[in-house]
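Working notes for the structure below.
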Amino acid sequence: MSEHLPITDGARPRWRGLVTTVMLILISVMIVRDILVRRWTGSPPSPPDTTLQSH
């Protein structure tokens with residue numbers, strides 16, 4: 001009746017923790033890169049009223 005499961009002491013396997021850490025670092029790097037690119041691009045911010053009226 002009992003299944004043969006490895007004993008993990010209730011902790012996640014080491015590789016899963018490593019994958020989670022790497023994913024969080026990659027997401028953080030992408031967010032910081034996006035902020036820096038938006039800050040230092042040469043284009044001015046768009047005006048608040050950007051609607052175009054067709055005549």
Side-chain angles (χ1 to χ4, degrees):
M1 267 249 189
S2 65
E3 297 179 16
H4 300 288
L5 296 175
I7 299 172
T8 58
D9 295 332
R12 294 185 300 176
R14 184 179 180 102
W15 66 271
R16 288 186 65 189
L18 183 65
V19 169
T20 304
T21 303
V22 169
M23 292 297 291
L24 286 173
I25 290 171
L26 287 174
I27 291 171
S28 301
V29 167
M30 288 171 57
I31 290 171
V32 169
R33 181 180 149 267
D34 185 54
I35 291 171
L36 294 177
V37 166
R38 286 174 189 246
R39 176 171 291 189
W40 281 301
T41 52
S43 61
S46 59
D49 186 20
T50 56
T51 58
L52 298 176
Q53 298 180 359
S54 59
H55 295 294

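Source: prediction; values computed, not measured.
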Exercise. Are Ile27 and Val19 connected in a single hydrophobic cluster, I mean Ile/Leu/Val/Met/Phe/Trp/Tyr linked by side-chain heavy atoms less than 4.5 Å apart?
Worked result: no
For this session: Answer yes if Val32 and Trp40 sit in the same cluster of Ile, Leu, Val, Met, Phe, Trp and Tyr residues linked by side chain heavy atoms under 4.5 Å apart, and no otherwise.
Result: yes
Problem set entry | CG on Leu36 to CD1 on Ile31, rounded to 0.5 Å | 12.0 Å
